[in-house]
Amino acid sequence: MEVGMKRTDYLSWDEYFMGIALLAGLRSKDPGTQVGACIVSQKNKILSIGYNGMPTGCSDDEMPWDRENENPLQTKYMYVCHAELNAILNNAGASLQGAKLYVSLFPCNDCAKAIIQSGIKEVIYQCDKYADMPPYIASKRMLDMAGVAYRQLPHSGRTVTLEL
Ligand SMILES: Nc1ccn([C@H]2C[C@H](O)[C@@H](COP(=O)(O)O)O2)c(=O)n1
Ligand SMILES: [Zn+2]
């Protein structure tokens with residue numbers, strides 16, 4: 001009996017989970033930067049997903065989305081919940097000990113604290129556009145000290161088109 005060959009152009013695990021993080025980011029209402037995160041167990045099972053957005057019950061239409069305003073209360077930074085924190089909090093009770101976090105943008109210092117405390121052991125990120133800013137320098141300092149590994153997933157050059 002002849003045996004068919006398996007597909008060879010399937011997504012790698014890294015491409016699959018980063019793809020899911022990027023897709024989650026498309027749910028974000030932030031006009032500036034859309035971030036998505038996907039938490040995965042050591043056995044490559046998806047544990048949780050999140051994207052950056054206003055806290056539950058805080059209307060996307062009433063909260064500000066501006067980066068700058070003379071009144072800091074009128075900027076998004078006071079309110080928006082980051083993708084990584086949402087993914088950690090959205091997790092339906094499973095332990096995150098030893099888990100991996102795929103995220104489209106390197107985590108800030110606040111998210112780094114939550115990552116460390118939740119037991120996540122590896123961060124895989126795509127973009128690090130704020131690397132020179134103190135929250136991101138502090139983030140790396142904490143992740144290094146706490147033994148949380150991080151690595152950038154370079155663009156593979158592949159484009160995935162979804163027809164919805
Ligand atoms: N690792 C990160 C970094 C940022 N965010 C969120 C926070 C804001 O909604 C947006 C950044 O806005 P920008 O200053 O670029 O206009 O991204 C996140 O969820 N995770
Ligand atoms: Zn953050």
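Atoms within each ligand, like the ligands themselves, are counted from 1 in listed order. Values reported hereafter were calculated over all heavy atoms of this structure, with side chains retained and with hydrogens, waters and symmetry mates removed. When a residue number appears, it is its place in the shown sequence, counting from 1.
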Report the nearest protein non-hydrogen atom to [atom]: residue, atom name, distance rounded to 0.1 Å.
| atom | result |
| --- | --- |
| atom 8 (C) of ligand 1 | Asp30 OD2, 3.3 Å |
| atom 11 (C) of ligand 1 | Thr33 CB, 3.7 Å |
| atom 14 (O) of ligand 1 | Tyr77 OH, 2.4 Å |
| atom 19 (O) of ligand 1 | Ala83 N, 2.9 Å |
| atom 1 (N) of ligand 1 | Glu84 OE2, 2.6 Å |
| atom 7 (C) of ligand 1 | His82 NE2, 3.3 Å |
| atom 6 (C) of ligand 1 | Asn52 ND2, 3.6 Å |
| atom 12 (O) of ligand 1 | Lys76 NZ, 3.0 Å |

Legend entry - SB check Asp110 Lys113 (cutoff 4.0 Å):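 Looking at Asp110 and Lys113, the cut-off is met.
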
Inset, instruction - Please check if any side-chain donor atom of Asn90 sits under 3.5 Å from a side-chain acceptor atom of Ser48, or the reverse. - result: no

Inset, instruction - Please calculate the SG(Cys111)-the Zn ion (ligand 2)-SG(Cys108) angle and round it to 10 degrees. - result: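 Reported to 10°, the angle equals 120°.
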
Inset, instruction - Mark the output for Cys111 as yes if a heavy-atom distance to ligand 1 is under 4.0 Å, and as no if none is. - result: no

Of the side chain and backbone of [X], name the one, both, or neither that has a heavy atom under 4.0 Å from an atom of ligand 1.
| X | value |
| --- | --- |
| Tyr51 | neither |
| Gln34 | neither |
| Tyr136 | side chain |
| Val35 | side chain |

Quick one, [X] and [Y] - any side-chain contact, counting heavy atoms below 4.5 Å?
| X | Y | answer |
| --- | --- | --- |
| Asn86 | Asn52 | no |
| Glu163 | Thr161 | no |
| Lys129 | Leu105 | yes |

Legend entry - Separation of Glu15 CD from Arg158 CZ (nearest 0.5 Å):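 Between atom CZ of Arg158 and atom CD of Glu15 there are 5.0 Å.
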
Legend entry - Among the N, O or S atoms of His82, the one nearest the Zn ion (ligand 2):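 Result for His82 and the Zn ion (ligand 2): ND1.
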
Inset, instruction - Would you please classify the geometry between the Phe106 ring and the Tyr125 ring as parallel, tilted or perpendicular, with 30° and 60° separating the classes? - result: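 Correct class here is perpendicular.
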
Inset, instruction - Taking Tyr79 for its side chain and Leu73 for its backbone only, find out whether a donor-acceptor pair lies under 3.5 Å. - result: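 At least one qualifying donor-acceptor pair exists.
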
Inset, instruction - Give a yes or no answer on whether the side chain of Ser139 reaches the backbone of Ala112 with a donor-acceptor pair at less than 3.5 Å. - result: no

Legend entry - Tyr10 atom OH: more than 12 heavy-atom contacts under 6.0 Å: no

